[in-house]
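To start, the structure itself, in structure tokens.
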Amino acid sequence: MRYARRLVAGTLAAGALALSLTGCGDSVHPTERLGRPATGEPTATPSPTTPSPTAPSPAGGAAPPGTAGDEAYRKWGLTAPVAYAPPPAHRPQLPKAAPGRAAVVDRIPLPAGEKTVFLTFDDGAEKDPEFLRMAADLQLPISMFLTDSVAASDYGHFEKLRDNGSASTINNHTLTHPNLRTLSFAAQKHEICGQQDRLEQRFGHRPKLFRPPFGNYNDDTLRAASECGVSSLVLWRASMQINNLQYAEGSALRPGDIILAHFRGPAELKGATEVQMAARMLQRIQEQGYRIGRLEDYI
């Protein structure tokens, strides 16, 4: 009963905050809503780390400083090389999931003084070959959350992004991008498990990470995700618009923030390209003195 009360209260609070953060001056009317998790699950706060036998990243890992090449950053409009965080020696201690449910993560707890953030891109509508070149040149570790209805027309585009040596990953963002809170448990499970099946069939891997469209979810979502093989439901604390980052709290990045961006092009970005948007996002990260980590090294 106590868990249910926390869940309902958190859902209502998250909805109110999400609505209050969609009127940004340079907003592109994103399909995603920026807000706190729509649940009573506690958000991640810095805490002691615990050893994990699975902490090392896959071959390649997140690109260490200098891997992208000394001149690559200038080619893409940056004034300094992108700084990368190496995989942590121990995985951080994240909030635990309730029994039979996926865990909820919206910020990674980091040791004091460690300024690292994480890049995530959603949907998959835009398939810009120039962005593929940018991501490969800079070796950006990107966690992709793909929606079948928009990404499936060229899954090969995202396969190239995954296989460019940056250890980027492909994860679940449902079949059709619905507001899951409006659906029954069975319908939610169809959306999540259906995309798990599609991604496994296409890429040979059943993702452990899932992001609900608009950041909207409820207890049925957590239960369905768990039954579909998902271990963590991933939200965000900062969202890239066209020119600037928008924050769930405060006016700057915080250590461990998960940043949301989208695979979008000029039609959605008011004439800007995906490359231009990504360059501005990297500039904002650099201006605030942050490194970029690979999310899967920490979850």
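Small disclaimer: the values here were computed from a predicted structure and weren't measured.
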Thr169 vs Arg294, side-chain contact (heavy atoms from CB on, under 4.5 Å): CA-CA, chis, key distance, verdict
CA-CA 9 Å; Thr169 60; Arg294 179 178 180 271; 3.5 Å; yes
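Contact record, Leu183 with Pro178: CD1-CG, 3.8 Å, taken as the closest heavy-atom pair. The two atoms that bring Gly215 and Leu235 nearest to each other are CA-CD2, 4.0 Å, heavy atoms only. Among all heavy-atom pairs drawn from Leu175 and Glu191, the shortest one is N-OE1, 3.0 Å. Here the shortest heavy-atom pairing between Phe131 and Ile142 reads CZ-CD1, 3.8 Å. Between Pro109 and Pro92, the shortest heavy-atom contact is O-CB, 3.2 Å. Of all heavy-atom pairs spanning Met281 and Ala261, the tightest one is SD-CB, 4.0 Å.
Asn164 places no side-chain N or O within 3.5 Å of a backbone atom of Leu132 that could act as its donor or acceptor partner.
Heavy-atom contacts from other residues, nucleotides or ligands closer than 6.0 Å to NZ of Lys208 number 12 or fewer.
Ring pair Phe145/His173 is perpendicular by interplanar angle, where above 60° counts as perpendicular and below 30° as parallel. Ring planes of Phe118 and Tyr298: perpendicular class, angle over 60° (limits at 30 and 60°).
Distance check: Arg206 CZ to Cys193 SG gives 6.0 Å after rounding to the nearest 0.5 Å. Atom CD of Gln188 is separated from atom OH of Tyr217 by 12.0 Å, given to the nearest 0.5 angstrom.
Ring pair Phe158/Phe203: centre-to-centre distance not below 6.0 Å.
Contact check for Thr174 versus Phe210: side-chain heavy atoms found under the 4.5 Å cut-off. No side-chain heavy atom of Val82 sits less than 4.5 Å from a side-chain heavy atom of Trp76.
We find that Asp297 and Arg91 are not joined by a salt bridge, their nearest charged nitrogen and carboxylate oxygen being 4.0 Å or further apart. Remark: Glu159 engages Arg202 in a salt bridge, criterion side-chain N to carboxylate O under 4.0 Å. Taking 4.0 Å as the cut-off between side-chain N and carboxylate O, Asp154 and Lys127 do not count as a salt-bridged pair.
In this structure, Arg223 is positioned above the aromatic face of Phe185, its NZ or CZ under 6.0 Å from the six-membered ring centre and within 45° of the axis.
Clustering ILVMFWY residues whenever any of their side-chain heavy atoms sit less than 4.5 angstrom apart, transitively, puts Ile242 in the very cluster that holds Tyr247.
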